[in-house]
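Have a look at the structure below before the remarks.
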Amino acid sequence: MTSTDDYDSLSKEDREARDKADRAREQEEQAALPYKWTQLLAEVDINVPVPKGTRARDLVVVIAKKKLSVGLKGQDKILDGELCMYIKVEESTWTLEDNQCVLIHLEKVNKERWWENVLTHHPKIDTRKIEPGNSKLSDLDGETR
């Protein structure tokens, strides 16, 4: 990514071309991760595929304030590392869906900031390009309103 000043000096067509190239690169990097993720301002949801037929007791899932790991007992971890931001451990959960996908729900401590990535060593997304869904005025804190 280049600086904002450099971007602002580009023509509209050049900005659109750069945005398109950046989106393509970002999509390619995200597709290469061993999981898919989405986020709202207050939460992050992660889907981690596991071999069909996996049972919950076969899994080792660690959700900590600044760490996340998912793996199968006796095998290398599917994902393991430091979270990019702090989470509320007591409000974060994981479940096994259809014996083939671990669904992880993380509650953010800072509910007013988009995450650039899930784990610090994974590629970042450009959070300036996020288009949030419609929210109710009551969802926003007083200062944001």
Side-chain angles (χ1 to χ4, degrees), residues 1-54 56 59-72 75-145:
M1 245 177 275
T2 58
S3 74
T4 304
D5 294 338
D6 180 36
Y7 183 82
D8 290 340
S9 68
L10 297 173
S11 70
K12 181 181 179 195
E13 294 80 17
D14 288 343
R15 269 186 265 155
E16 288 172 356
R18 179 178 291 171
D19 288 346
K20 186 177 179 180
D22 286 347
R23 271 193 307 278
R25 176 193 43 77
E26 199 174 272
Q27 288 173 347
E28 189 176 306
E29 289 173 347
Q30 294 299 309
L33 295 173
Y35 57 88
K36 303 282 182 238
W37 67 290
T38 58
Q39 68 178 315
L40 299 173
L41 273 174
E43 61 196 44
V44 173
D45 290 310
I46 306 162
N47 296 322
V48 184
V50 292
K52 197 170 182 78
T54 298
L59 294 166
V60 179
V61 179
V62 176
I63 299 175
K65 198 162 188 64
K66 192 87 160 80
K67 178 180 175 20
L68 177 66
S69 79
V70 177
L72 294 164
Q75 297 181 30
D76 289 341
K77 291 184 173 90
I78 299 167
L79 67 112
D80 183 33
E82 181 182 350
L83 292 166
C84 72
M85 302 273 187
Y86 288 101
I87 62 161
K88 295 180 179 181
V89 176
E90 61 283 352
E91 295 176 28
S92 299
T93 61
W94 70 271
T95 57
L96 179 62
E97 184 176 89
D98 297 330
N99 297 91
Q100 61 186 355
C101 186
V102 179
L103 303 177
I104 302 168
H105 176 81
L106 304 176
E107 283 289 324
K108 297 177 180 179
V109 168
N110 182 345
K111 296 181 181 290
E112 297 177 13
R113 187 166 176 197
W114 296 110
W115 285 16
E116 294 178 324
N117 51 12
V118 175
L119 300 178
T120 56
H121 65 282
H122 286 166
K124 294 181 178 184
I125 61 168
D126 185 353
T127 58
R128 296 171 302 169
K129 305 287 184 193
I130 292 177
E131 295 179 17
N134 292 335
S135 59
K136 295 178 260 170
L137 194 56
S138 61
D139 291 343
L140 303 173
D141 65 38
E143 187 177 315
T144 306
R145 276 186 237 161

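This structure is a prediction, so every number in the text was calculated from the model and none was measured.
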For the atom pair [atom1] ([X]) and [atom2] ([Y]), what is the distance rounded to the nearest 0.5 Å?
| X | Y | atom1 | atom2 | result |
| --- | --- | --- | --- | --- |
| Trp37 | Ile125 | CH2 | CD1 | 4.0 Å |
| Arg128 | Asp22 | CZ | CG | 8.5 Å |
| Glu13 | Arg15 | CD | CZ | 9.0 Å |
| Leu119 | Cys84 | CG | SG | 8.0 Å |

Donor-acceptor list for residues 40-54 side chains, cut-off 3.5 Å, not counting sequence neighbours:
| unit_1 | atom_1 | unit_2 | atom_2 | d |
| --- | --- | --- | --- | --- |
| Asp45 | OD1 | His105 | ND1 | 2.6 |
| Lys52 | NZ | Gln100 | OE1 | 3.3 |
| Thr54 | OG1 | Pro51 | O | 2.5 |

Can you list the residues that meet the side chain to side chain donor-acceptor pair (under 3.5 Å) rule with [X], with sequence neighbours excluded?
| X | value |
| --- | --- |
| Lys36 | none |
| Lys111 | Glu107 |
| Lys67 | Asp80 |

> Take atom CD in Gln75; do more than 12 heavy atoms of anything else shown fall under 6.0 Å from it?
Replying inline: yes

> What residues, two or more places apart in sequence or in another chain, satisfy side chain to side chain contact (heavy atoms under 4.5 Å, CB included) together with Gln27?
Replying inline: none

> What residues, two or more places apart in sequence or in another chain, satisfy side chain to side chain contact (heavy atoms under 4.5 Å, CB included) together with Pro123?
Replying inline: Glu29, Gln30, Leu33

>> For Lys77, give me all partners under salt bridge (charged side-chain N to carboxylate O under 4.0 Å, His left out), at least two apart in sequence or on another chain.
In response: none

>> Looking at every heavy atom in both Leu106 and Ser92, which two are closest together, and how far apart are they?
In response: CA-OG, 3.4 Å

>> Could you report the tightest heavy-atom contact between Trp115 and Tyr86, atom names first, then the distance?
In response: CZ2-O, 4.2 Å

>> Just to verify, which of Asn117, Thr120, Leu68 counts as forming a side-chain contact (heavy atoms from CB on, under 4.5 Å) with Leu83?
In response: Leu68

> Going through the distances and angles, do Met85 and Asn110 end up as a side-chain contact (heavy atoms from CB on, under 4.5 Å)?
Replying inline: CA-CA 8 Å; Met85 302 273 187; Asn110 182 345; 5.6 Å; no

> Are the side chains of Tyr35 and Val70 in touch, meaning some heavy atoms are under 4.5 Å apart?
Replying inline: no

> Does anything in residues 87-97 pair up under salt bridge (charged side-chain N to carboxylate O under 4.0 Å, His left out), and if so which pairs, sequence neighbours excluded?
Replying inline: none

> Looking only at atom types and distance, does a side-chain atom of Gln39 sit under 3.5 Å from a main-chain N or O of Trp114, one as donor and one as acceptor?
Replying inline: no

